[in-house]
Amino acid sequence: MFIDMHVHPAFYEPINEENEEGLRKEQLRHEALNIHLNGTAPLAHIFNQMACAGLDYLCLLPQDYQTQYGEPVVSNEEIRQLVDLAPDKFIGFASVDPFAQNAAELLEHAFCELKLKGLKLHPCRQQFYPSDEKAGKLSQIYDLCEKYHKPILFHSGLSWEPNALSKYARPLEFEELAAKRPGLNICLGHFGWPWVQEAAMLMLKYPNVYADTGILYFDNAWEFYRKVFTQDIPVTWIDRSLRHQVMFGSNNPRFEQIRMADAITKLGLRESTLDLVKGENAIAFLGGL
């Protein structure tokens, strides 16, 4: 089983209609995500890319920045639409803006009616400290995730999106949340880069903290993975101590899945550890497929 836990489907063709409203929304997505050179991708292309990378499932992540844009960049309903088109390939997450007055109601709807599997939050872009439960509706949001046994995938570390301040998502900012809510599975997206040692520290201390490998790189996936996972932290940390808490993520479409999938296999991890990273840890994080 090979699962990509960090995919942004903002430019998938089924949610980008060829009309005036569709073009407006597509332009909004280019600007909001700071991704400009790609077009929309038909599902046949997505499935071909999955096959080339050897992937079985993609976890699709929406973005709700409605207090900034007046609407979600990618909505929970659009994620549900995509999952319904390929339930054997797509896993759908929800997103809410913590500063929206109806954030809790929207999240409960996403879990109960849309049947989405978890929550994606972006502290840098939504500008909140993840352990500050007095920020917006965070306390209610976390309560709902615990009530329905849903994990949270947080953006952590550097963000290339506009108006995104990395100070909000440094891994240390998640410690109080991990300690206060040990039954809540949280994932530090992008392995908290550049603070990968902080991310590793939290994972070592808190078994409910995971990280994905969708790291924002400078040059190419293999060279950057080699730097991060053999020099910044030794690969033995993953192979021995963190093997049950690291999940594969590509951060597609910013980066190509096939390059990230190829790079993860070259680190020298034991085959049993690689199986955990590729999919078994994701299933545990999600509480099942």
Start with the C-alpha gap between Tyr210 and His244, add the side-chain angles, then the distance that decides, and say whether ring-ring contact (aromatic ring centres under 6.0 Å, His included) holds. CA-CA 8 Å; Tyr210 293 69; His244 292 284; 9.7 Å; no
Please step through ring-ring contact (aromatic ring centres under 6.0 Å, His included) for the pair Tyr57 and Phe90, ending with a clear verdict. CA-CA 6 Å; Tyr57 283 95; Phe90 293 156; 9.2 Å; no
Any chance you could lay out the salt bridge (charged side-chain N to carboxylate O under 4.0 Å, His left out) test for Arg80 and Glu77, step after step, and finish with the verdict? CA-CA 5 Å; Arg80 183 70 254 172; Glu77 287 74 17; over 6 Å; no
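Between the Asn16 side chain and the Ala10 main chain, a donor and an acceptor come within less than 3.5 Å of each other. The main-chain N or O of Gly214 is found under 3.5 Å from a side-chain atom of His190 such that the two form a donor-acceptor pair. Remark: the backbone N or O of Asp262 is paired with a side-chain donor or acceptor of Thr265 at under 3.5 angstrom. Looking at Lys117, its side chain does come within 3.5 Å of a backbone N or O of Gly288 through a donor-acceptor pair. Using a distance-only test at 3.5 Å, with no hydrogens or angles considered, a donor-acceptor pair links the side chain of Ser156 to the main chain of Gly192.
With respect to Glu175 and Lys205, a salt bridge is recorded, a charged nitrogen being found less than 4.0 Å from a carboxylate O. Residues Asp143 and Arg181 are paired through a salt bridge, judged by an N-O separation under 4.0 Å between the basic side chain and the carboxylate. In summary, Glu17 and Lys25 do not engage in a salt bridge, as defined by a charged side-chain N under 4.0 Å from a carboxylate O. Salt-bridge annotation for Lys89 and Asp56: absent, with no side-chain N of the basic residue lying under 4.0 Å from a carboxylate O of the acidic one. Ion pairing between a basic and an acidic side chain is recognised when a charged N comes within 4.0 Å of a carboxylate O; Glu173 and Lys167 show no such pairing. Salt bridge annotation for Glu71-Arg24: present, with a cationic side-chain nitrogen under 4.0 angstrom from a carboxylate oxygen.
When only modelled atom types and interatomic distance are considered, Asp84 and Gln81 share no side-chain donor-acceptor pair under 3.5 Å. Between the side chains of Arg243 and Ser272, at least one donor N or O lies within less than 3.5 Å of an accepting N or O. For the residue pair Tyr225 / Thr213, a side-chain donor-acceptor distance below 3.5 Å is found, with atom types taken as modelled. For Arg29 and Gln63, the side-chain atoms include no donor-acceptor pair closer than 3.5 Å. Between the side chains of Tyr65 and Gln127, not a single donor N or O lies within less than 3.5 Å of an accepting N or O. If you check the side chains of Ser250 and Asp4, you find a donor sitting under 3.5 Å from an acceptor.
Counting heavy-atom neighbours within 6.0 Å of Glu105 CD, excluding the residue itself, gives a total above 12. Surrounding CZ of Arg270 are more than 12 heavy atoms belonging to other residues, nucleotides or ligands, all under 6.0 Å away.
Hydrophobic cluster membership is shared by Leu184 and Ile141, with clusters built from Ile, Leu, Val, Met, Phe, Trp and Tyr side chains linked at under 4.5 angstrom. Cluster annotation: Leu276 and Leu188 are assigned to distinct hydrophobic clusters (Ile/Leu/Val/Met/Phe/Trp/Tyr, side-chain heavy-atom contacts under 4.5 Å, transitive). Tyr168 and Trp195 fall into different hydrophobic clusters, defined by Ile, Leu, Val, Met, Phe, Trp and Tyr side-chain heavy atoms under 4.5 Å apart, directly or through other members.
Taken from CZ in Phe229 to OG1 in Thr236, the straight-line distance is 13.0 Å, to the nearest 0.5 Å. Separating the CG atom in Asn34 from the OG atom in Ser159 is a distance of 8.5 Å, to the nearest 0.5 Å.
For the residue pair Asn76 and Ala110, the shortest heavy atom distance occurs at ND2-CB, 3.9 Å.
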